[in-house]
Structures are given as C-alpha cells and as structure tokens.
Visitor: 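Please find one structure pasted underneath; my questions will follow.
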Protein chains: 2
Amino acid sequence: MMLSNSSKYAVKAVLYLALHSNEDHKIMVKDIAKPINVPQAYIAKLFQQLVKESIISSTRGPKGGFYLTTENKNQSVIKILNIIDGEKRLTSCMLSLEKCDEDKPCPLHAILSPSRNKIIENLKDKTLEELALDVKQGYSYLPL
Amino acid sequence: MMLSNSSKYAVKAVLYLALHSNEDHKIMVKDIAKPINVPQAYIAKLFQQLVKESIISSTRGPKGGFYLTTENKNQSVIKILNIIDGEKRLTSCMLSLEKCDEDKPCPLHAILSPSRNKIIENLKDKTLEELALDVKQGYSYLPL
DNA sequence: TCTTAAATATGATTTTTATCATAAAATATT
DNA sequence: AATATTTTATGATAAAAATCATATTTAAGA
C-alpha cells in the first residue's frame with residue numbers, strides 16, 4: 001500500500017498510546033508489543049524517532065515509559081507517516097517520473113491524483129485524538 | 001507509493017508498446033530500455049510475466065520483439081498492477097489489520113477507503129488504449 | 001548512594017525487492 | 001540446413017526494508 005510496514009506499525013502503536021496512556025500512566029514498549037501484534041524491538045526503534053520529533057513523549061528509568069501529552073494528541077496522523085516514510089512517499093509521481101505535475105502529467109496522473117490528494121488532505125486534518133475517539137466510541141477498531 | 005517499482009516500470013514499458021508497436025512493428029526490449037529509463041534486463045523479466053498472462057504479445061527470433069495487439073490494448077491497466085504486485089497490494093487494509101472491512105473498520109478506514117476505492121475503480125475502467133491516446137493527444141506525457 | 005527498571009543508541013542479521021547475467025529455445029533469413 | 005537474432009528460463013548479486021540483539025544512559029526508590 002501507500003504506507004510502509006514501519007509507518008503502519010507506528011500508527012498502530014501511537015494510537016495504542018493515545019487510547020491507554022497519559023502523563024500519569026506511561027506504558028512500556030514491552031506492554032504494547034503483544035496487543036498490537038508488532039515485534040517489541042521494532043516498536044522501540046520507531047518510538048525513538050517519534051520521540052525525537054516530539055510526536056510522542058517518554059521518560060526513562062523505573063516507572064518510565066511512553067505516553068502522549070494533550071499536545072501530542074492534537075497532532076495530525078500525517079506527521080507520523082512523514083517522519084517514518086518521508087514526505088515523498090505520499091506525494092511523488094505514481095510512475096516515478098521526475099517531472100510530473102499538472103502541467104506535464106504522467107499518464108496515470110489524471111486518474112489517481114485527485115483521490116490521492118483527498119487522502120493526503122484527510123490525513124492532514126485528522127488528529128490522533130480524533131482517531132482515538134473513534135475507537136473509543138466504537139466507530140473503528142484497533143487490535144489485530 | 002501504492003505501486004511497486006516493478007509495476008511502475010511495467011506500466012511505463014507497456015504504454016511505450018501501446019504507443020510505438022503493433023503486429024507489424026515489434027519492438028525489442030533493448031530499444032525500450034533507454035527511452036523509458038528502465039534497466040533492460042528488468043524490463044525483460046517483467047515482460048515475461050506479462051506475456052504469460054496475455055497482457056502483451058511477443059515473437060522471438062530475428063524480426064521478433066514485443067508488441068500489443070488490438071485485444072491487448074483493450075485491457076485495463078489494473079491487470080498489469082495485479083499481475084506484478086498481486087491483488088492485495090491495492091486492496092488490503094492500510095494498517096494491515098487482518099479483519100478490516102465496513103463492519104469492523106480500522107481507524108484509518110473511513111479516511112482512506114473511499115478515495116482508494118475510487119482509485120481502484122478508475123484503474124479498472126481505463127484501458128491501455130485510452131491511456132496511450134491521452135499521450136498521443138498531448139494530455140499526458142510518458143518519458144523520463 | 002546503590003540497585004533496578006526503563007528508554008536510547010547502535011549495529012547485526014534476516015528477508016524482501018530490485019537489478020544484473022547467461023545459457024537455452026525459437027524463428028526468420030540465407 | 002545453418003546462422004544470426006530475439007525471447008525465455010533461470011539463477012546470481014546488490015540494495016533496501018524489516019527484524020533482532022545488546023551495551024549505554026537515565027531516573028526512581030530503597
């Protein structure tokens with residue numbers, strides 16, 4: 001799909017934090033791995049990048065773990081994708097032509113571009129908070 | 001993106017055939033490689049799969065090469081993608097959740113699914129002929 | 001201040017995807 | 001029939017992505 005494995009994992013793991021953590025209740029990476037079905041060491045590595053970019057928060061040592069602040073929760077999902085996959089993954093030409101834009105579109109541009117732009121727009125608009133709320137309210141589902 | 005490198009190459013190469021070949025004018029793989037900027041041996045391998053699935057046609061020996069029959073040209077682009085990437089690449093859950101459908105959607109389903117379905121629909125509807133015509137008429141562009 | 005429990009940093013390994021190479025089979029031309 | 005030219009089949013190599021492992025740093029609590 002248009003998301004790498006890594007960014008899928010990252011989204012799942014961050015949403016898990018959005019649902020189950022806060023400043024007073026941090027979660028260790030080993031306790032996330034099983035419920036979302038992603039290798040523990042893999043999550044650990046992804047989380048490091050996300051902490052560095054201030055998408056998620058962490059404290060180390062005993063009683064430490066990962067969590068989301070209110071500020072964290074108000075960020076757009078697309079940030080996760082851009083950090084893990086790079087911005088180009090979502091925006092580059094579908095045939096990988098160097099020059100492909102409205103002026104000089106590739107043969108698939110007209111077919112795919114409007115829908116893809118819509119996807120990007122939707123991803124930009126949606127915050128982690130909102131996605132988590134959907135799950136809480138039973139409009140969508142996380143595990144497995 | 002949602003297309004692998006391989007299927008991008010395949011689409012480019014097949015469109016090149018659609019534009020420049022017919023039963024009476026076959027094209028050798030070595031003459032396709034340069035103009036579309038794809039390694040020759042790579043095209044050769046992709047074309048083998050496409051011949052086997054009757055997306056494109058070929059004859060070997062002197063004066064041989066690859067070409068598209070009228071029948072070939074009336075096929076949908078999506079066939080290329082499905083053969084090279086497998087059907088799941090376009091249709092599977094964006095978070096790779098096993099169970100993700102309208103009944104039990106993943107958190108990204110509502111945001112992404114409609115646009116993606118539109119993309120799939122558009123790809124199904126579009127024939128190679130039609131795409132080639134766009135290029136011929138200057139509505140879209142192929143090389144590089 | 002010592003011990004323990006967590007993240008962090010780094011890098012090694014495995015798997016997948018992309019790329020390259022070559023010998024065999026088929027066909028047109030002489 | 002022989003030769004040259006092209007696809008076909010197969011597999012080898014290289015690069016990238018995914019996964020695993022481990023030593024270091026930080027913070028809490030005794």
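To find a chain, count down the sequence lines: A is the first, B the second, and so on, and within it residues start at 1.
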Visitor: Where along residues 54-64 of chain A does a heavy atom fall under 4.0 Å from DNA chain C?
Guide: Ser58(A), Thr59(A), Arg60(A), Gly61(A), Pro62(A)

Visitor: Using a heavy-atom cut-off of 4.0 Å to chain B, what are the terminal contacting nucleotides of DNA chain C, in 5' to 3' order?
Guide: dA18(C) to dT29(C)

Visitor: Of the candidate nucleotides dA18(D), dT7(D), dT6(D), which contains the atom at the shortest distance from the side chain of Lys30(B)?
Guide: dT6(D)

Visitor: Of all residues at least two apart in sequence or in a different chain, which pass the salt bridge (Lys or Arg N to Asp or Glu O under 4.0 Å) check with Asp125(B)?
Guide: none

Visitor: So Phe47(A), base contact, sugar-phosphate only, or nothing? Heavy-atom distance under 4.0 Å.
Guide: nothing

Visitor: Would you be so kind as to tabulate the donor-acceptor pairs closer than 3.5 Å made by side chains of residues 79-86 of chain B, with sequence neighbours excluded?
Guide:
residue  : atom : partner  : partner atom : Å
Lys79(B) : NZ   : Gln75(B) : OE1          : 3.2
Asp85(B) : OD1  : Ser4(B)  : OG           : 2.4
Asp85(B) : OD2  : Ser4(B)  : N            : 3.2
Asp85(B) : OD2  : Ser4(B)  : OG           : 3.4
Asp85(B) : OD2  : Ser7(B)  : OG           : 2.8

Visitor: Is it the case that more than 12 heavy atoms not belonging to Lys118(B) sit under 6.0 Å from its NZ atom?
Guide: no

Visitor: What pairs of donor and acceptor atoms, side-chain ones from residues 63-74 of chain A against any protein atom, are under 3.5 angstrom apart with sequence neighbours left out?
Guide:
residue  : atom : partner  : partner atom : Å
Thr69(A) : OG1  : Glu71(A) : N            : 3.4
Thr69(A) : OG1  : Asn72(A) : N            : 2.9
Thr69(A) : OG1  : Asn72(A) : OD1          : 3.0
Asn72(A) : OD1  : Ser57(A) : OG           : 2.6
Asn72(A) : OD1  : Thr69(A) : N            : 2.9
Asn72(A) : ND2  : Ser54(A) : O            : 3.3
Asn72(A) : ND2  : Ile55(A) : O            : 3.4
Asn74(A) : ND2  : Thr70(A) : O            : 3.4

Visitor: Heavy atoms only: give me the nearest Thr91(B)-Glu87(B) pair and the separation to one decimal.
Guide: OG1-O, 3.3 Å

Visitor: Checking all strands, does Ile27(A) fall into the base, sugar-phosphate, or nothing category for heavy-atom contacts under 4.0 angstrom?
Guide: sugar-phosphate

Visitor: Test of understanding: with side-chain hydrogen bond (donor to acceptor under 3.5 Å, both in side chains), list the residues that count as partners of Ser113(B), not counting sequence neighbours.
Guide: His109(B)

Visitor: If you assign each of Ser6(B) and Val51(A) to its closest nucleotide in DNA chain C, which residue comes earlier from the 5' end?
Guide: Val51(A)

Visitor: State whether the side chain of His25(A) and the backbone N or O of Ser21(A) hold a donor-acceptor pair below 3.5 Å, judged by distance alone.
Guide: no

Visitor: Of the non-hydrogen atoms in Leu142(A) and Tyr16(A), which two are nearest, and what is the gap between them?
Guide: CD1-N, 3.9 Å

